[in-house]
Amino acid sequence: MTTERYNPRDAEPRWQRYWTENRCFEAREDLSKPKYYVLEMFPYPSGRIHMGHVRNYTMGDVIARFRRACGYNVLHPMGWDAFGMPAENAAIERGVHPKSWTYDNIAAMRGQLKSMGLALDWSREITTCDPAYYRHEQEMFIDFLAADLVERKVSTVNWDPVDNTVLANEQVIDGRGWRSGALVENRELAQWFLKITDYSEELLAALDRLDRWPEKVRLMQRNWIGRSEGMRFSFALEDEAGRILGERLAVYTTRYDTIFGASFCAISTDHELAKRQAERNPALDAFRREVAALGTSEETIERAEKKGYPLGLYARHPFREKVRLPVYAANFVLMGYGEGAIFGCPAHDQRDLDFARKYRLQVVPVVAPKGVDAASFAIGDEAYLEKEGDETVLINSDFLDGLSVPAAKEEIARRMEAMKIGERRVNYRLRDWGVSRQRYWGCPIPVIHCTSCGIVPVPKKDLPVTLPDDVTFDKPGNPLDHHPIWKHVKCPTCGGPARRETDTFDTFVDSSWYYARFCSPASARPVDAAAAAYWMPVDKYIGGVEHAILHLLYSRFYARAMMRTHHLDIDEPFASLFTQGMVVHETFQSASGEWVLPVDAVQKDGHWVHAKTGEPLTVGGIEKMSKSKRNVVDPEAIIERYGADTARWFMLSDTPPERDIEWTEAGVDGAWRFIQRLWRLVNEAVREGSPGEPAGVAGAALELRRAAHRALDAVTGDLMNLRFNRSIARINELGNALSAALQAADRSEPMRRSIREAAEMLVLMSAPMMPHLAEECWRQLGHAKPVVDTAWPKPDAALVADDCVTIAVQVNGKRRDEVRLAKGLGKEAVEALALKLDSVARALDGRPVRKVIVVPDRIINIVG
RNA sequence: GCGGGCGUGGCGGAACGGUAGACGCAACGGACUUAAAAUCCGUUGGGAGAAAUCCCGUGGGGGUUCGAGUCCCUCCGCCCGCACCA
């Protein structure tokens, strides 16, 4: 008897239609059920989905379908992070309008996502470039303004000369723009900032509560926030002649215990003092320019020598009357951190030491290992930094001599505070979030600049401020600024002529609250309180680790800002976060060095050649799929050829979800074969099996039942913990057991019932992962009600538990035998049995038994 | 430089401190077939042996333990994040 092969091309669209027509995945608030909100990071509509999307959305879909089957009221929405520069680049390069480019891409990608058979609630689809979405963003911004969460300030910003826009600190990687890769320049601009630093402590402290986030991500955020405990204090300044100046120099340090080792002060070239001096000192001005030109990229920092320019000023040591520290403007002091000024202690800071050696400044050690003679303790080329566990004492430090570092800190802090020249202070590395972008394709910032009234928020009744469609991209700069009329408005307050803000929001603003909008995508308010109270927080958020800082930190801040402005009632938006690994693939290169697509690479006589030209290819490293290396496989082609279930199954098999997965042809074939195998097994089970309650079975029939219930038990636990690869291994095992039963001769009624039961369980268990095939199989098994409406089965505890166990028998820690015994047998009985074994006697080789360790139902170890 | 993670067969990977290598891929042998594909059955960490069985084995070295892939110390290698942060 033959069974036709399973044909996904017929089955998949059919079931997708069924789910859509029956609105299976449209979520409604229902207080009678526990809710579960599963969300994958929404895509940028670049035009086509890539394998990273397939992996991300498959995982989310398995969770959504599994939770739904388990009785949860599941919210699983999808939307588009639709503002951003690729749309403008397309406009510049190809003359298409960013809007039509974006919406065409969305249409194409929506179709691709639908072909994956995802259990998404498409009725909640949101698009960030839709005024229906961004009007709420504008409304909230106005509320943020009123709540003092926004600041407009002129500051030195990171300017990307290629994208012609400002970048946030988080968007500068190794001194280069995160998108363009261009070396970032410093520019002075008036910008809008969201005051994320108001929440530094809060964002840091709350990380401890996020116990269902990866430790790695929490650590990265902790480091990014960069809390340090130190002191801010000031020096009296004097000039060359020793005349005291009216102003003091404030510095920040975490090592105030080393004050007696100070030999100079250094200020940033952007420090007010340096700027002022530069006005009448051309040499200093030249030095400032030189430093500014160097940039902040990794290479330049590595190579750059520590350089300083003496200002002719001296800082008086607070505890030693005669000591005067020369003040330099230095290239290694950052204006953005602390006070933009430091005191240098060369003995205990490598950077300060390099500087001191160059300018022949004193190097006085003030901390030394305990017991070392203070007079002979000298510093060579390396600063002395205490390591953890080192016992150290202060030396050469007057009243601090002999104290430990913490005690010295305490003493200095006490004295400085008494002298009223400084105080202990907590400092953060985190900077405020600059959100202004000089671009067209973003959400307009809803403010108006009026010459007489200053900054005036757009009245809420005038929202949304929509983007004009008639813009041109023929000259550099911001099209909104070039637009003939758009920016010219009347001041809402005085009615006089005014100018509309032409900057738009950083697109990370759009993605900082979309998770909340999904709760009530059509609400007239940004977020409907009742809906958010029901759905929030997101129970499982899935995406790439590349968003560990940017998006996830901004979202955590945004939820707090929305809370302050009464738009949301929750501070942590994502209760549990999962960061999935990348999809990687081999790279192929032709002799001329061109990258070759995997579809064009074929193996011939053990060598890789180009499928069309026959040209030999070299196989390169296995790397993240990327357009530049062309090592991409198009999901659409895979779905076309094998169906969505094959792609989904492959994505979940073998590799744990947090690790990088290598896409291989062999792996896809393997997934395809399994799908056909399951289809065959189910069809055979329909013929050979017998429906009915498989009660009272024994022997082989009972063993098959046990295998089924055990597999179900394991898969349930594994899916709960996102261990997809393990659950697939379990499903394979049950498939093997069912296959063996079908090969065997036993066709007793109990066996026929067990076969049927095993087949049904196999189908239900694999349904979250390959939903289309499961529906087909389920119908084949005679069920009128689809899998999508079928509850997750419950394993029978009696069948999961074993009444017999295999106990390993060890002698001196080495396995020598195993015995199969009734479960729960007492220690003495196990010991007596084991000691009678030939293998044990042989291994003991006549030695007397000294000790016996019995771990019930697991192992016995005989020590001889 | 600072911080973190990871090293297990030919490969992806399993393994509450308790039988290392589940499951899959690849490879090899066999069945079916005129043949191939598909499918099914079997073998597959290394070494010795006809076999029973024994020895070795989770990056290297050391330690704790009746027992270590798992815990501790140390070295080596790879990967990731941050980086002139005072």
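Note that the coordinates shown come from a computational prediction; the quantities given were computed from them, not determined experimentally. Chain letters run A, B, ... following the sequence lines, proteins first and then strands; every chain starts at 1.
- Aromatic ring centres of Tyr359(A) and Phe264(A): separated by at least 6.0 Å.
- In this structure, Asn725(A) reaches the sugar-phosphate backbone alone: every heavy-atom distance under 4.0 Å involves primed, P, OP1 or OP2 atoms, never a base.
- Distance Asp354(A) CG to A86(B) C1': 14 Å, rounded to the nearest Å.
- Taking the C1' atoms as reference points, G69(B) lies 15 Å from G45(B), given to the whole Å.
- Note on Ser653(A): nothing from the nucleic acid sits closer than 4.0 angstrom, heavy atoms only.
- There is no side-chain donor-acceptor pair under 3.5 Å between Ser727(A) and Asp718(A).
- Using a 4.0 Å cut-off, some side-chain N or O of Arg723(A) falls inside it from OP1 or OP2 of A15(B).
- In this entry the base of G9(B) is syn relative to its sugar, with a glycosidic angle within 90° of 0.
- Surrounding CG of Asp838(A) are at most 12 heavy atoms belonging to other residues, nucleotides or ligands under 6.0 Å away.
- At the heavy-atom level, Val251(A) lies nowhere under 4.0 Å from the strands shown.
- When distances run from any side-chain atom of Ile853(A) to the nucleotides A86(B), G4(B), G18(B), the shortest one goes to G18(B).
- Nearest to the side chain of Arg673(A), among A86(B), G18(B), C25(B), sits C25(B).
- Remark: the separation of the C1' atoms in G62(B) and U43(B) is 39 Å, to the nearest Å.
- The separation between Arg218(A) atom CZ and C82(B) atom P is 19 Å, rounded to whole Å.
- Ring centroid separation for the pair Phe650(A) and Trp663(A) comes in under the 6.0 Å cut-off.
- Between G4(B), A14(B), A86(B), one nucleotide has an atom nearer to the side chain of Arg351(A) than all others, and that is A86(B).
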Item checked: Nucleotide pairing, RNA chain B (Watson-Crick or G-U, distances under 3.5 Å), in dot-bracket with [ ] and | -> (((((((..(((.....[....))).(((((.......))))).((((....))))..(((((..]....))))))))))))....

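- When heavy atoms are screened at a 4.0 angstrom cut-off, Arg222(A) is found touching no nucleic acid atom at all.
- Trp213(A) places none of its side-chain heavy atoms less than 4.5 Å from the side chain of Asp211(A).
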Check: With the sugar-phosphate defined as primed atoms, P, OP1 and OP2, and the base as all remaining atoms, what B/S/- string results for nucleotides 51-57 of chain B, 5' to 3', for protein heavy atoms under 4.0 Å?
Finding: --SSSS-

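- Nucleic acid contact class of Thr806(A) (heavy atoms, under 4.0 Å, all strands): base.
- Along RNA chain B, the nucleotide nearest to Gly670(A) and the one nearest to Ser739(A) differ in position, and the one closer to the 5' end is contacted by Gly670(A).
- Nucleic acid contact class of Arg677(A) (heavy atoms, under 4.0 Å, all strands): sugar-phosphate only.
- Neither side chain, Tyr309(A) nor Asn331(A), offers a donor N or O lying under 3.5 Å from an acceptor on the other.
- Comparing U70(B) with G1(B), their C1' atoms are spaced 32 Å from each other, to the whole Å.
- The side chain of Arg429(A) places an N or O atom within less than 4.0 Å of a non-bridging phosphate oxygen (OP1 or OP2) of A83(B).
- Taking the P atom of each, G18(B) and C11(B) are spaced 26 Å apart, rounded to whole Å.
- Out of G13(B), U39(B), C84(B), the shortest distance to the side chain of Arg659(A) is found at G13(B).
- Residue Asn736(A) is classed as a sugar-phosphate contact, given heavy-atom separations below 4.0 Å to backbone atoms only.
- At the heavy-atom level, Arg232(A) lies nowhere under 4.0 Å from the strands shown.
- By the 4.5 Å heavy-atom criterion applied to side chains, Val333(A) and Ile267(A) are not counted as neighbours.
- If you check distances only, the side chain of Asn732(A) never reaches the base of C23(B) with a donor-acceptor pair under 3.5 Å.
- The closest side-chain donor-acceptor pair between Ser234(A) and Arg248(A) falls under 3.5 angstrom.
- The gap from the C1' atom of G30(B) to that of G13(B) amounts to 28 Å, rounded to the nearest Å.
- Nucleic acid contact class of Val863(A) (heavy atoms, under 4.0 Å, all strands): sugar-phosphate only.
- Look at the C1' atom in both G77(B) and U58(B): the space between them is 16 Å, to the nearest Å.
- Nearest nucleotide to the Glu818(A) side chain, out of U19(B), G13(B), C85(B): U19(B).
- With a 6.0 Å radius and a threshold of 12 heavy atoms from other residues, nucleotides or ligands, Arg850(A) has its CZ atom at or below the threshold.
- At the phosphate of G5(B), neither OP1 nor OP2 sits under 4.0 Å from any side-chain N or O atom of Lys216(A).
- Rounded to the nearest Å, the gap between the C1' atom of A27(B) and that of U19(B) is 27 Å.
- You'll find that the side chain of Glu733(A) is closest to A22(B), out of A22(B), G13(B), A86(B).
- Relative to the side chain of Tyr337(A), the nucleotides U19(B), C85(B), G24(B) differ in distance, and C85(B) lies closest.
- With sequence neighbours left out, Phe235(A) forms a ring-ring contact (aromatic ring centres under 6.0 Å, His included) with Phe233(A).
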Margin query: Quick one, Lys624(A) with Glu546(A), criterion salt bridge (Lys or Arg N to Asp or Glu O under 4.0 Å). Give me CA distance, side-chain angles, the key distance, then yes/no.
Written below: CA-CA 13 Å; Lys624(A) 179 182 179 174; Glu546(A) 66 273 17; 5.2 Å; no

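- Of the listed nucleotides (A22(B), U19(B), G67(B)), A22(B) has the atom at the smallest distance from the side chain of Ala729(A).
- Counting any heavy atom pair closer than 4.0 Å across all strands shown, Gln743(A) reaches sugar-phosphate atoms only and no base atom.
- Across C73(B) and G81(B), the matching C1' atoms stand 26 Å from one another, rounded to whole Å.
- Side-chain contact of Tyr252(A) with Ser228(A): a donor-acceptor pair under 3.5 Å is present, judged by distance alone.
- When each of Arg726(A) and Asp669(A) is assigned the nucleotide of RNA chain B with its nearest heavy atom, Arg726(A) is the one assigned upstream, toward the 5' end.
- Side chain of Ser228(A), nearest nucleotide from A86(B), A15(B), C66(B): A86(B).
- Note: Trp679(A) and Tyr6(A) have tilted aromatic rings, judged against thresholds of 30 and 60 degrees for the angle between ring planes.
- Nearest nucleotide to the side chain of Asn331(A), out of C84(B), U19(B), G24(B): C84(B).
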